[in-house]
Trainee: 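Right, I'll just put the structure down here and ask away after.
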Amino acid sequence: MKKIIALVLALVMVAACMTACGAKGATLKDVQKAGKLLIATSPDFPPFESLEGDAVVGIEPDIMKLICDKLGVEAEFVQMDFDSVLIGIQAAKYDCAMSGITVNPDRQKNMLFTDPYYNAAQVIVVAEGSPITGKADLADKVVSVQTGTTAESGCQDEGIKVQAFAANADAKAALTTGKVDAWVVDNLTAIQMVEEGDGLVILEEKMTEEPYAFAFAMGSEDLVAAINDALAELVADGTVESIFAAHGEAYVKP
Ligand code: ARG
């Protein structure tokens, strides 16, 4: 009898911990009841998301608004630094995270992802005339990255010294002002942020290739499934491709 009581108690404790210890992501029902999808984003990442006045604009808000239309809810964007997007979604403070987020096995341990919708790459940006011509030349150099990104973890994994900045623009500025030797950032963002007159060049050799998806807290499985259906429709009927084109980029399906 004592053993049975102990077993029941243990099970109750495990169950209690499973509900209390892990923050739980919104379900499709929660979101539809609220009438809106609360989306965390770091709008310093053109062409995927940037600010126009107070409005979050770009490829991802365009896609997200159409997904929300299909779910019958409003898209509400909340702005913050990139690392806060990842921390916030894991804590289920928001329903969804939208920030050109790379899917990788490490992140998949702590959050859910939609199907990847785009194949991106990390590129190396250097000052014109720099002796750095590829990844191998970064070994004894200092590279600027945005905090919490795969650029940061990827460089660290390769033993490359990094200086991390909360804002993407500051990672670029570190290079233009000569404080670092190179800047590692996602390919389309590099193309859109490097302007004529900056004196910067994007190297041919890529650091990595990586897929983008939208992220959710654990527990949002049915919401992710619904969003995957909506996303698949938008890819299949050419909408996603035309959104990329409207932002001046070619669509690369993963
Ligand atoms: N793709 C990279 C990552 O997931 C960088 C994303 C940065 N996004 C942004 N909105 N600043 O780590």
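Start at 1 and go down the list; that is how both ligands and their atoms are numbered.
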Trainee: With side chain to side chain contact (heavy atoms under 4.5 Å, CB included) as the test, pick out the partner of Ser50 among Thr189, Val57, Asp44.
Mentor: Val57
Trainee: Looking at Lys135 and Glu158, is any side-chain nitrogen of the basic one under 4.0 Å from a carboxylate oxygen of the acidic one?
Mentor: yes
Trainee: Side chains of Ser42 and Glu49: do they bring a donor and an acceptor to under 3.5 Å?
Mentor: no
Trainee: Nearest protein heavy atom to atom 10 (N) of ligand 1, by residue and atom, and its distance?
Mentor: Ser42 O, 2.9 Å
Trainee: Would you mind listing which atoms of ligand 1 come within a distance below 4.0 Å of any non-hydrogen atom of Tyr212?
Mentor: 1 (N)
Trainee: Taking atom 2 (C) of ligand 1 as the point of reference, which of Thr189, Asp186, Thr41, Val145 owns the nearest heavy atom?
Mentor: Asp186
Trainee: Can you tell me which residue among Leu200, Val143, Val201 is in a side chain to side chain contact (heavy atoms under 4.5 Å, CB included) with Val125?
Mentor: Leu200
Trainee: Would you mind checking which non-hydrogen protein atom is closest to atom 7 (C) of ligand 1, with the distance to 0.1 Å?
Mentor: Phe45 CE1, 3.4 Å
Trainee: With distance as the sole criterion, is a donor-acceptor pair present between the side chains of Tyr212 and Asn119 under 3.5 Å?
Mentor: no
Trainee: Check whether any N or O atom of Gln146, backbone or side chain, sits under 3.5 Å from an N or O atom of ligand 1, and answer yes or no.
Mentor: yes
Trainee: Mind checking whether Glu152 contacts ligand 1 via backbone (N, CA, C, O), side chain (CB onward), both or neither, at a 4.0 Å heavy-atom cut-off?
Mentor: neither
Trainee: Answer yes or no: is there an ion pair linking Lys172 with Asp198, defined by an N-O contact shorter than 4.0 Å?
Mentor: yes
Trainee: Are Thr27 and Asp30 close enough that a side-chain donor and a side-chain acceptor fall under 3.5 Å?
Mentor: yes
Trainee: Looking at Glu209, Arg107, Glu210, Gln122, which hits side-chain hydrogen bond (donor to acceptor under 3.5 Å, both in side chains) with Thr102?
Mentor: Glu210
Trainee: Please indicate whether any nitrogen or oxygen in Ile101 is less than 3.5 Å from any nitrogen or oxygen in ligand 1.
Mentor: no
Trainee: Quick check on contacts: which atoms of ligand 1 are under 4.0 angstrom from a heavy atom of Glu49?
Mentor: 10 (N)
Trainee: Heavy-atom contacts under 4.0 Å between Phe48 and ligand 1: side chain, backbone, both, or neither?
Mentor: neither
Trainee: Tell me which protein heavy atom sits closest to atom 8 (N) of ligand 1, plus the residue, atom name and distance to 0.1 Å.
Mentor: Ser99 O, 2.7 Å
Trainee: Show which atoms of ligand 1 fall inside a sub-4.0 Å distance from at least one heavy-atom site of Asp44.
Mentor: 9 (C), 10 (N), 11 (N)
Trainee: Tell me the nearest of Gln122, Met80, Glu210, Arg107 to atom 4 (O) of ligand 1, using heavy-atom distances.
Mentor: Arg107
